[in-house]
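Here's the structure, in structure tokens; my notes come after.
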Amino acid sequence: MKSNGIRVKAILVAAAMVISLSLTSCTSFMKEASLGTSTAEDNAVLPVVDGFLMSESINAKLRDAFLPVAGQISQITADSDGRIHVEYRLNEKKGGLLGTQYAVTMLLSDNRDTLELKTVNISGLNTVKVLEDDDLTWLNSADIAEGAILMNRFGMEFDPATLGENSTERNAVEVFVKLYEYMAGKETDVSEVTVDAEPLLKKAYLLGLKDFYGYADYSFDDTVYLYRMSTLSSKVFTDIERDVYGRQSETVTGEDFAGILHTLFEAMRVHEVDESDKIWGTLGTVDTDEILRTMEMTDSSFTRRDAAEFLGRYTKEGPHYSMKYGDNKLERVEDCFDSIWVRRAVTHGFMQYYGDSTLFAPSEGLTVFNAIASAQCYLTTRYNDWAYSNDYAWDGLYTNEDVIVSAAKIAEYFNSRSDDDKEFETITVMNDREYDWFFSQKDTGQYSAINCMPSIATMASHWYDRNSKATVEKMRNTSNYDEGWTAYELRGGLKAYHVPYTVEDATLENIKNALDKGCIVLAQYSDRPYGVSGHCYVIYGYRGFKDSTTFIVNDSDSLTQRAELFGRKDGNGDEIEASFSMWTITRFVDDVTVIAPQNSNNQ
């Protein structure tokens, strides 16, 4: 028995030495393993490993494993103009009976982020095991691939199984909220939103991605159609420009406007994988550079008149299936600016933001804010015309695939900018009160419809003196004038309630200076045609960015209907783009009324 035991022990020792030598040998080769790439005949990029005992055999198996997907990606990389490319990574995994194991992973990259597609494990000397493949049939276009990478960058799960399904509004809003938060570099704070709704819906309300009109259900719709996509894409575009790049009031160039129009078109259209004869896809072939070259613009300026001409020429280059865009019906528009382009743009609804040719102000520059609004208006107007043509086939519903690609197109527009261009909010001035001093003109008696001036005078009285006894009706009775008030009646009402004021020229500098000193500003304005009465509001704060400003106002007749949403009365705390606000003020009046705070003990 003793001799047999020695024999067994000897056998075990010998076996252990063999295993040890094998592991040592295997490990020594694998530690030197390296990864390269080769290009197949169809330009497909494939991985090549070196440093294994049987590298040639392993590479043949890697080729068989990766070639089908690499072939698809080679076409995607060509279609993406170099924005997307394939990468491979070699990762070590310590342990295992046969020493170090390796994994070769295929990734799709846009130089900013990557998306893992497929992994092959290498174990032992030449054992290759392909992990179970996900469905990669979605790799059929650069747009979808870019969208998938984008989802990964946003921290959102990309589920190819849902592609082709009609998108719900909730899914679409989630994508655009994540797009905004990624660009802003922070999560949206919804602490101000008081409605009893899920956090995503609160973010949608706060960012303007979903309009709030007092609906009680606080829910998302089951589908997404063009007008919802129009709101989502243009609103998040505006939010990013304002909050991240500070470009709300900055004027645009012709190239900027063309880029905005094209990006929103890409975001709003239905994205066909194959060649499509559907009308909504045909406008993308318009050569905007050629249009700009044919226009006679003064120096590098780009005015509203230029924008009107650009849209008119853009229309002629794109599809049009009716006579709607001819010169008929132009007699309806007052020919006060001798520009056929302005008249066409107004008559055909290309720039509804301005209402009519009188309000259009052709010589004014086009700001980022109204450039986005004009582009959105133009695209939806054109869609309406196409939708009624006999050749139009699309039913207007967006799929999850469309939503992903839409967000990717907007992200692509902004990703071309340097991070140094990002300019978040730099200053906030808010001359509010801890108590309620807002008054609505609604339900204020016989003159409710024209009580905006008595309403802001009443607000000023309560802002100045929290113990003021003024009401809108009482303020109205300080004058016998039975029409809409002018500044004369307004200042008479202030005197009646012992509210001192000063009169300043209506300039942005004067208004901001007054706000910086703790004052509020009562301003009249008109965004309507000449000869039509205007409106007014109290400016009590502003938000400053790099090149833009927004006013924070109390509007006695606001149409935003956000009272329940933000726990505030309707019209309390609205925000207005300052550049546009100043234009509406100065075209109507020359001055503003400034109210300074009195002794802080009385506030």
Side-chain angles (χ1 to χ4, degrees), residues 226 230 233-234 237 251-269 278-389 391-392 409 413:
L226 183 127
S230 170
S233 57
S234 61
F237 203 113
T251 56
V252 299
T253 65
E255 290 78 9
D256 287 336
F257 186 61
I260 291 170
L261 183 68
H262 181 73
T263 301
L264 286 180
F265 164 74
E266 288 291 315
M268 289 165 57
R269 74 185 179 95
K278 295 183 180 179
I279 299 170
W280 189 239
T282 60
L283 190 60
T285 59
V286 176
D287 187 345
T288 57
D289 291 337
E290 180 60 28
I291 292 176
L292 292 172
R293 282 193 294 270
T294 62
M295 294 172 57
E296 295 181 1
M297 293 182 285
T298 304
D299 300 325
S300 59
S301 64
F302 190 74
T303 65
R304 295 176 182 178
R305 181 242 177 248
D306 293 329
E309 179 177 350
F310 182 91
L311 294 180
R313 294 183 183 276
Y314 200 93
T315 301
K316 284 192 172 184
E317 296 297 321
H320 51 104
Y321 291 86
S322 74
M323 296 300 294
K324 181 176 180 180
Y325 302 109
D327 293 336
N328 58 323
K329 301 181 182 178
L330 290 179
E331 64 276 4
R332 296 189 314 170
V333 183
E334 181 183 354
D335 187 15
C336 58
F337 291 114
D338 193 27
S339 171
I340 193 67
W341 299 110
V342 170
R343 297 171 68 203
R344 283 176 179 168
V346 170
T347 302
H348 304 317
F350 288 170
M351 303 180 84
Q352 291 175 351
Y353 185 75
Y354 300 107
D356 64 21
S357 62
T358 308
L359 182 62
F360 194 86
S363 61
E364 292 287 322
L366 198 70
T367 66
V368 171
F369 177 80
N370 48 40
I372 295 171
S374 298
Q376 177 194 13
C377 177
Y378 171 79
L379 290 170
T380 51
T381 299
R382 293 299 310 278
Y383 162 74
N384 282 337
D385 189 47
W386 299 333
Y388 293 114
S389 68
D391 297 324
Y392 195 81
K409 292 300 181 183
Y413 177 88

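Positions are given from 1 along the sequence.
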*Look only at the side chain of T294 and the backbone of I291, and say whether a donor-acceptor pair between them is shorter than 3.5 Å.*
yes
What's the spacing between [X] [atom1] and [Y] [atom2] if we round to 0.5 Å?
{"X": "F302", "Y": "E309", "atom1": "CZ", "atom2": "CD", "result": "9.0 Å"}
{"X": "T253", "Y": "D306", "atom1": "OG1", "atom2": "CG", "result": "11.0 Å"}
{"X": "T381", "Y": "Q376", "atom1": "OG1", "atom2": "CD", "result": "9.5 Å"}

Close side-chain approach of [X] to [Y], heavy-atom, < 4.5 Å:
{"X": "N370", "Y": "R304", "answer": "yes"}
{"X": "H262", "Y": "T288", "answer": "no"}
{"X": "V368", "Y": "D256", "answer": "no"}
{"X": "F310", "Y": "M295", "answer": "yes"}
{"X": "R313", "Y": "W341", "answer": "yes"}

*Determine, stepwise, if the pair I372 / S234 fulfils side-chain contact (heavy atoms from CB on, under 4.5 Å).*
CA-CA 7 Å; I372 295 171; S234 61; 4.1 Å; yes
*L379 pairs by side chain to side chain contact (heavy atoms under 4.5 Å, CB included) with which of L264, L311, L226?*
L264
For [X] versus [Y], what's the shortest heavy-atom pair and its separation?
{"X": "T303", "Y": "S363", "answer": "CG2-O, 3.8 Å"}
{"X": "L366", "Y": "A371", "answer": "CD2-CB, 3.8 Å"}
{"X": "T263", "Y": "K409", "answer": "CG2-O, 3.8 Å"}

*How would you list, by chain and number, every residue that makes a side-chain hydrogen bond (donor to acceptor under 3.5 Å, both in side chains) with S233, sequence neighbours excluded?*
none
*Listed partners of D287 passing side-chain hydrogen bond (donor to acceptor under 3.5 Å, both in side chains), at least two apart*: none
*Would you call the rings of Y378 and Y314 parallel, tilted or perpendicular, where under 30° means parallel and over 60° means perpendicular?*
perpendicular
